[in-house]
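All of these numbers come straight from a predicted model, not from anything done at the bench. Starting from 1, each residue takes its place in the sequence as its number.
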Amino acid sequence: MKKIVFIVLLLLIIPVCINAAQPNAGEARSRGFRVTPRNTEELNQAIEMRKQNFQKERAGMEEEKSLMYENQNKIRSGAQNLMIMENMIGKNGPETSRVAGDINLSSEKTLKLESEFKNRSKVKKFFFGHKKDIVDTFSEEISQRDKNISKLRELYEDLESSEEVKAIFLKQLENIEEEQGRIEEYFQNETKRKGILTWFANIFK
């Protein structure tokens, strides 16, 4: 009987311990770049350090891949920089960090999707265009990120912080918006040219 009671208690305790040991979603998103700057000087130092780390990341990459990372790093760095500003922007800090975290995850996905586009052979693109599932996923990521960027813009308009912090926030947001515009244009240009066989098949539908 004692053995049965012990086993039951053990089964109840183990899941609780596992859940307590697991990081929450915000911690998982920010692992590897989370710092907590206490003032704008430390914030600017963290931003500059991130910039240098991204430059090191691109070292040795072939030119096309390096350029792709350089472009999309505007979103990655902007989102990550906004995440570490959570404690410097008043009541909107937690929501800003959450939305920026989603944008950061999205940038990881669109980096992979843009690479899929660029690595597709010219012959396949000429005859078949891009893979439909890749196109659909890419489109969904861009659309969802547009919504998150709009949310960040709303949060900025309602910011509770010093003018210096507001200026830093706005710079990160503008970098994100600039790269989002580039990748939307790139996606539209790549997908408006249908493969010749796809076009031919549509004639007889």
Q. Atom NZ of Lys118 and atom CE of Met68: how far apart are they, to the nearest 0.5 Å?
A. 7.0 Å
(Q) I'd like to know if Arg182 and Glu185 make a salt bridge, using a cut-off of under 4.0 Å between side-chain N and carboxylate O. (A) no
**Q.** Any donor-acceptor N/O pair, Asn44 side chain to Thr40 backbone, under 3.5 Å
**A.** yes
Q. Can you check whether Val135's main-chain N or O pairs, donor with acceptor, with Ser139's side chain at less than 3.5 Å?
A. no
**Q.** Euclidean distance, Glu70 CD relative to Glu63 CD, rounded to 0.5 Å
**A.** 10.5 Å
Q.
Quick one: does any side-chain atom of Asn39 pair with a main-chain N or O of Glu42 as donor and acceptor, under 3.5 Å?
A. yes
Q) Looking only at atom types and distance, does a side-chain atom of Thr96 sit under 3.5 Å from a main-chain N or O of Asn92, one as donor and one as acceptor? A) yes
Q: Grab the two heavy atoms, one from Lys151 and one from Val99, that are nearest each other, plus how far apart they are.
A: CG-CG2, 3.9 Å
Q | Salt-bridge contact Glu174-Lys171 (side-chain N to carboxylate O under 4.0 Å) | A | no
Q) Has Glu157 got more than 12 heavy atoms of other residues, nucleotides or ligands less than 6.0 Å from its CD? A) yes
Q: Under the side chain to side chain contact (heavy atoms under 4.5 Å, CB included) rule, what do Glu95 and Leu155 come out as? Steps first, then yes or no, please.
A: CA-CA 8 Å; Glu95 181 68 359; Leu155 291 167; 3.9 Å; yes
**Q.** Same cluster (ILVMFWY, side-chain, under 4.5 Å), Ile168 and Tyr156
**A.** yes
Q) Has the side chain of Ser150 got a donor or acceptor atom that lies under 3.5 Å from a matching backbone atom of Asp146? A) yes
**Q.** Atom CD of Glu48: over 12 foreign heavy atoms under 6.0 Å
**A.** yes
Q) What are the two closest non-hydrogen atoms of Arg50 and Ser77, and how far apart are they? A) CD-CA, 3.9 Å
Q. Are side-chain heavy atoms of Asp102 and Arg145 found at a separation under 4.5 Å?
A. no
**Q.** Lys112 atom NZ, over 12 foreign heavy atoms within 6.0 Å
**A.** no
Q: Enter the distance from Asn87:CG to Ser161:OG here, rounded to the nearest 0.5 Å.
A: 13.0 Å
Q.
To check you understand the geometry: which heavy-atom pair defines the closest contact between Ala100 and Met83, and what is its length?
A. CB-CG, 3.7 Å
Q. Where does the angle between the aromatic ring planes of Phe117 and Phe138 fall among parallel (under 30°), tilted (30 to 60°) and perpendicular (over 60°)?
A. perpendicular
Q: Could you grab the distance from atom OG1 of Thr137 to atom NZ of Lys132, nearest 0.5 Å is fine?
A: 9.5 Å
Q. Any side-chain heavy atom of Lys91 within less than 4.5 Å of one from Asp158?
A. yes
Q | Least distance between heavy atoms, Ile84 atom then Ala46 atom | A | CD1-CB, 3.8 Å
Q) Can you tell if the side chain of Leu152 reaches within under 4.5 Å of the side chain of Glu177, non-hydrogen atoms only? A) no
Q) Between Ile75 and Asn175, is a side chain to side chain contact (heavy atoms under 4.5 Å, CB included) present by the stated rule, with each step listed? A) CA-CA 7 Å; Ile75 287 181; Asn175 285 342; over 6 Å; no
**Q.** Ser66 backbone acceptor or donor facing Arg58 side chain under 3.5 Å
**A.** yes
Q) Around Lys51, counting heavy atoms of other residues, nucleotides and ligands shown, do more than 12 lie under 6.0 Å from its NZ? A) no
Q) So, does Glu114 use its side chain to make a donor-acceptor pair with the main chain of Ile183 at under 3.5 Å? A) no
Q: Taking the side chain as every heavy atom from C-beta outward, state whether Ser115 and Lys65 have any atom pair closer than 4.5 Å.
A: no
(Q) If you apply the rule side chain to side chain contact (heavy atoms under 4.5 Å, CB included), what do you find for Asn73 with Gln80, and how did you get there? (A) CA-CA 10 Å; Asn73 279 349; Gln80 291 175 20; over 6 Å; no
Q.
Quick check: do Ile47 and Leu43 have side-chain heavy atoms less than 4.5 Å from each other?
A. yes
**Q.** Ile176 with Val165, same ILVMFWY side-chain cluster at under 4.5 Å
**A.** yes
Q.
I'd like to check Lys131 versus Arg120 (side-chain heavy atoms, cut-off strictly below 4.5 Å). Are they in contact?
A. yes
(Q) If the test is side-chain hydrogen bond (donor to acceptor under 3.5 Å, both in side chains), which one of Glu141, Gln72, Glu179, Arg76 qualifies with Thr110? (A) Gln72
Q) Out of curiosity, does Leu113 fall in the hydrophobic cluster containing Leu67 (side-chain heavy atoms, cut-off under 4.5 Å, transitive links)? A) no
(Q) For a 4.5 angstrom cut-off between non-hydrogen side-chain atoms, does Gln180 reach Ile142? (A) yes
**Q.** Connected via hydrophobic side-chain network under 4.5 Å: Met49 and Phe54
**A.** no
